[in-house]
Amino acid sequence: MAQQSALTPQAEDFPRWYQDVIAKAELADNGPVRGTMVIRPYGYGIWERIQAELDQRIKAAGAKNAYFPLFIPESYLTREAEHVEGFSPELAVVTHAGGSELAEPIVVRPTSETVIGEYMAKWVQSYRDLPLLLNQWANVVRWELRPRLFLRTSEFLWQEGHTAHATRADATAYAQRIHLEVYRDFLLNVLAVPTYVGIKPLSERFAGAINTLTCEGMMRDGKALQMATSHELGQNFAKAFEMYFQSDQGQQELCWTTSWGASTRLVGGLIMAHGDDQGLIVPPRVAPIQVVILAIKESPEVSAAVSQLADELTKAGIRIEIDRGSGSFGRRVVDWEIKGVPLRLEVGPRDLEQGKVVLARRDSSEKQSLALNEVAETAATLLAGMHDEILHGATLRLEANTHSVTSVDEAIEATAGGFAKIAWDALKDGGEAQLRNEAITVRCLQRRDGSLPADETESDLVAIVAKSY
RNA sequence: CGGGCUGUAGCGCAGUUUGGCAGCGCGCUGCGUUCGGGACGCAGAGGUCCCGGGUUCAAAUCCCGGCAGCCCGACCA
């Protein structure tokens, strides 16, 4: 049989591979309106796992979920000058509704800073009301000229946190806490994606923020993807929405606010950070299906063994799916590999006669034969170990493809297939613009020891530069 | 908004130069044989050839006018 690969190989055409894998793994489809996305059940299953893990961490950091409206008065947007300037090109605006033209156009939220600001101002009266820590799970709309499924769509799903604090120090600390304890932790411990954590230079900062924190991951083609961001908004939005509180000294003071978000883009990051020519590799903690049980040549014996194993695995807390499909064996294997299910359990009559089954790993392609009564324990052990191995592999790739350089020319060379680290001072004199001409941007700034700087004016910072999505 | 390209079955495409039966691969449906690494046989279904106009005995094909999409140059999670 001519062994033809199901997907365009990554080395041949990475964007094509990305599109192929999304279609064949049944993650998503293009929506009817350009730039929109239909998320299919398997793709949404991954998103639900992402949501569950992030939500748990967000709540552990003290924020509570709430919901604010999709429609925002246009006048809200215009209250914060930089904010409206940053977003106006990508706004979707409703001018007609209820059969007539509206007196004031309504904006479909591109983010909820403004509405939430308005209500925070109402709810915060006293220092005793602070900090106010809110989060919402929502869809937002930013009209995109160059859409790509999961990475840039005109409508996307995300989580946006919004907080108000009594002091700048408290706001800064909270933004950092979210960034490290929610995002960085989630990326490492759930998505198995190591990232460079740093601050954005002024040129890349969120519209209206005084500081933007980012987690930058490396995709398998060496490009960077911003996987989560946290912003210190200073008092910009507090001023615009008159968010005052009375201090314990009896003074009226302005709040300090933050906002932070992670979106369905994470699914795109997951695909591109781990996937190979055989398809997705979904790390076990984010996998909606951790073990697929494949019945080979269905018979009463096979069927009984499959059901029994399904029960045992489910009792062991493992997420499973049973495939009793009627296609050929090879075809079904390939389909599950494309979907990136971590473990595949092959249950067939031949092995069953010896009381055995075969367990195969997606990440390493290793197979082992084991007795029926060992399955649940072995699967649990493998799943537990796979996360670290996938993370380890990704970390090695990140390190191997990050080069320390001293000149802009070297940086351009190094970012052909990865990231470059260069002294921030070396880019200040036109270097950043020179890189931008090559479609290379400063992804983030770090201190020498990798920790978060207070702002970009700190001395001796390191810039991580790359081409990006 | 400027430059290049493309609209034909669910998807990928050929056919357009030189007008003459609407095709191919994959997928899909039915039956049968298969199921331990992309199975096979037989039988089928599926079309506004992007839209409108024109030329012609005859248009997917030629002409005119629209529309849509893709790729490349300024923003963003």
Side-chain angles (χ1 to χ4, degrees), chain A residues 1-8 13 15-16 19-20 23-24 29-30 32-35 50 83 85-91 109-112 138-148 150-161 183 200 203-207 209 212-217 224-231 259-269 278-279 294-299 302 323-338 344-354 356-358 360 365 367 369 436-439 441 468-469:
Chain A
M1 198 73 301
Q3 190 66 22
Q4 188 188 339
S5 60
L7 307 167
T8 305
D13 186 342
R16 182 75 182 271
Q19 290 186 324
D20 283 359
K24 298 209 169 156
D29 251 330
N30 284 305
V33 171
R34 179 177 153 78
I50 291 173
H83 189 64
E85 191 184 333
F87 277 114
S88 57
E90 42 190 321
L91 291 181
R109 63 178 164 221
T111 172
S112 303
N139 58 338
V140 285
V141 169
R142 299 178 187 179
W143 217 253
E144 284 295 344
L145 301 175
R146 287 195 196 300
R148 295 190 69 179
F150 291 113
L151 299 176
R152 266 195 317 260
T153 48
S154 288
E155 178 192 5
F156 59 89
L157 306 183
W158 77 347
Q159 145 283 309
E160 52 178 320
Y183 296 140
K200 287 289 186 186
S203 55
E204 301 281 325
R205 199 185 280 167
F206 175 73
T212 289
L213 314 181
T214 179
C215 292
E216 297 286 326
L225 183 72
Q226 176 173 311
M227 301 189 72
T229 53
S230 310
H231 313 291
S259 72
W260 25 279
S263 73
T264 36
R265 169 179 277 191
L266 286 170
V267 179
Q278 271 63 257
L294 210 73
I296 301 165
K297 200 160 171 149
E298 190 81 78
S299 68
V302 169
D323 176 3
R324 302 185 193 268
S326 57
S328 71
F329 172 78
R331 177 48 171 268
R332 291 152 70 202
V333 167
V334 167
D335 285 346
W336 287 112
E337 281 176 344
I338 292 174
R344 181 178 70 247
L345 193 58
E346 302 174 358
V347 182
R350 207 160 68 207
D351 287 338
L352 221 46
E353 276 176 26
Q354 343 271 311
K356 295 199 160 182
V357 289
V358 169
S365 302
K367 286 187 185 184
S369 174
R436 195 173 285 274
N437 284 337
E438 306 289 327
T441 49
S468 72
Y469 282 98

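A note on names: the letters A, B, ... follow the listed sequences, proteins ahead of strands, and every chain is numbered from 1.
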Test side-chain hydrogen bond (donor to acceptor under 3.5 Å, both in side chains) on A/Ser154 and A/Glu144; report intermediate values, then the result. CA-CA 5 Å; A/Ser154 288; A/Glu144 284 295 344; over 6 Å; no
Just the atom pairs and distances: protein N or O near nucleotides 67-70 of chain B's N or O, under 3.5 Å.
from, atom 1, to, atom 2, distance (Å)
B/C70, OP1, A/Arg34, NH1, 2.1
B/C70, OP2, A/Arg34, NH1, 2.3

- Report yes or no: does A/Glu204 contribute a side-chain atom to a donor-acceptor pair with the main-chain N or O of A/Thr212 at less than 3.5 Å?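 Side chain of A/Glu204 to backbone of A/Thr212, a donor-acceptor pair under 3.5 Å: no, none is there.
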Protein-nucleotides 29-35 of chain B N/O pairs closer than 3.5 Å?
from, atom 1, to, atom 2, distance (Å)
B/C35, OP2, A/Lys297, NZ, 2.6
B/C35, O2, A/Gly327, O, 2.9
B/C35, O2, A/Arg332, NH1, 3.3

Provide the distance between the two [atom1] atoms, one in [N] and one in [M], to the nearest whole Å.
{"N": "B/G4", "M": "B/G15", "atom1": "C1'", "result": "24 Å"}
{"N": "B/C24", "M": "B/A14", "atom1": "P", "result": "16 Å"}
{"N": "B/C63", "M": "B/C72", "atom1": "P", "result": "29 Å"}
{"N": "B/A60", "M": "B/C21", "atom1": "P", "result": "10 Å"}

Is there a Watson-Crick or G-U wobble partner for [N] with both distances under 3.5 Å, and which nucleotide is it?
{"N": "B/G41", "value": "B/C31"}
{"N": "B/U56", "value": "none"}
{"N": "B/G10", "value": "B/C26"}

Using side chain to side chain contact (heavy atoms under 4.5 Å, CB included) as the criterion, list what pairs up with [X], not counting sequence neighbours.
{"X": "A/Asn30", "value": "A/Leu149"}
{"X": "A/Ser203", "value": "A/Pro201, A/Glu432, A/Arg436"}
{"X": "A/Gln19", "value": "A/Arg16"}

Nearest whole angstrom, please: distance from the [atom2] of [N] to the [atom1] of [X].
{"X": "A/Asp323", "N": "B/G37", "atom1": "CG", "atom2": "P", "result": "15 Å"}
{"X": "A/Asn30", "N": "B/G10", "atom1": "CG", "atom2": "C1'", "result": "14 Å"}
{"X": "A/Leu7", "N": "B/C11", "atom1": "CG", "atom2": "P", "result": "19 Å"}

The contact string for nucleotides 72-77 of chain B, one letter per nucleotide 5' to 3', using protein heavy atoms under 4.0 Å with B, S and - for base, sugar-phosphate only and none, comes out as BBBSBB
Evaluate the side-chain proximity of A/Gln226 to A/Tyr469: yes if any heavy-atom separation is below 4.5 Å, no if none is. no
How close do A/Ser468 and A/Thr441 get, counting heavy atoms only, and between which atoms?
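Distance-wise, the nearest heavy atoms are OG-OG1, 4.0 Å.
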message: Parallel, tilted or perpendicular, judged at 30° and 60°: which one describes the rings of A/His231 and A/Phe206?
response: parallel
**Prompt:** Would you call A/Arg344 and A/Glu346 a salt bridge, taking side-chain N to carboxylate O under 4.0 Å as the test?
**Reply:**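 Looking at A/Arg344 and A/Glu346, the cut-off is met.
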